[in-house]
Amino acid sequence: MFHNPRCSKSRQTLALLRERGFEPHLIEYLKQPPGVAQLREIIGLLGIRPRELLRSGEAEYRQLGLADPELDDEAILQAMCEHPRLIQRPIVIHGRQARIGRPPETILEIL
C-alpha cells in the first residue's frame, strides 16, 4: 500500500484493510518515492493514464504547469517521481490488481 500517514483517506483505507484481516506492506511514498518504471507498472495495474494519477490540487501541479495538455506521459511520470506529493493516494496493490482508495471502500473490489 502506497501510504501517506497524514492523509485521512490513506488512514481510513489502512483501517479498512486491517478490519478485513489484512496487514499490508506500507510504502510511505513521500519518503520512498517510486521510480518511473514502478509508476508505469502501478498505472498499468490501475488501468489508467499517468495524468489520472496526478493530484491537481497540489501547488507543484500549478508550479510545474502540469495542466498543459501537451505534456506527454513521460513528463508527467517524471514530475510525479520528483514531486511525490503529486501522486494520488492511497494506492493498494493486491496480486496483479490495484485501486486508489478514494473512497476507501474502492479497494474492496480487489481483495
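Please read these numbers as outputs of a predicted model, since none were measured by experiment.
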Joint cluster assignment, Phe2 & Leu39, ILVMFWY side-chain distance < 4.5 Å: yes

Taken in chain and number order and not counting sequence neighbours, the residues that satisfy side chain to side chain donor-acceptor pair (under 3.5 Å) with Glu41 are Arg96

Distance col, row Arg51:CZ vs Asp72:CG, nearest 0.5 angstrom, shows 9.5 Å

Please name the pair of heavy atoms, one in Ser10 and one in His3, separated by the smallest distance, quoted to 0.1 Å. OG-ND1, 2.6 Å

With rounding to the nearest 0.5 Å, note down the distance linking CG in Leu30 to CG in Asn4. 4.5 Å

Hey, what do you get for CD1 (Ile93) to CD1 (Ile27), rounding to the nearest 0.5 Å? 6.5 Å

Report, one line per pair, each donor and acceptor closer than 3.5 Å where one atom sits in a side chain of residues 15-22; sequence neighbours left out.
from: Arg18; atom 1: NE; to: Glu23; atom 2: OE1; distance (Å): 3.0
from: Arg18; atom 1: NE; to: Glu23; atom 2: OE2; distance (Å): 3.2
from: Arg18; atom 1: NH2; to: Glu23; atom 2: OE2; distance (Å): 2.9

For a quick test of your reading: what N or O donor-acceptor pairs under 3.5 Å do the side chains of residues 79-91 make, sequence neighbours left out?
from: Glu82; atom 1: OE2; to: Gln78; atom 2: NE2; distance (Å): 2.9
from: Arg85; atom 1: NE; to: Glu60; atom 2: OE2; distance (Å): 3.1
from: Arg85; atom 1: NH2; to: Glu58; atom 2: OE1; distance (Å): 3.1
from: Arg85; atom 1: NH2; to: Glu60; atom 2: OE1; distance (Å): 3.0
from: Gln88; atom 1: OE1; to: Arg102; atom 2: NE; distance (Å): 3.4
from: Arg89; atom 1: NH1; to: Tyr29; atom 2: OH; distance (Å): 3.4

Contacts under 3.5 angstrom, residues 103-111 side chains, donor-acceptor by atom type, not counting sequence neighbours:
from: Thr106; atom 1: OG1; to: Pro103; atom 2: O; distance (Å): 2.8
from: Glu109; atom 1: OE1; to: Arg99; atom 2: NE; distance (Å): 2.7

Quick one: are Pro24 and Leu14 in side-chain contact, heavy atoms under 4.5 Å? yes

Got a sec, which residues hit side-chain contact (heavy atoms from CB on, under 4.5 Å) with Arg40, two or more places apart in sequence or on another chain? Val36, Glu74, Leu77

Taking only residues two or more places apart in sequence or in another chain, which ones pass side chain to side chain donor-acceptor pair (under 3.5 Å) with Arg49? Asp73

Same cluster or not: Ile43 versus Leu66, using hydrophobic residues (I, L, V, M, F, W, Y) connected whenever any side-chain heavy atoms lie under 4.5 Å apart? yes

In Å, rounded to the nearest 0.5 Å, how long is the span from CD1 of Ile48 to CG of Leu53? 4.5 Å

Distance in Å, Ile76 CD1 paired with Leu64 CG, rounded so as to fall on 0.5 Å steps: 11.0 Å

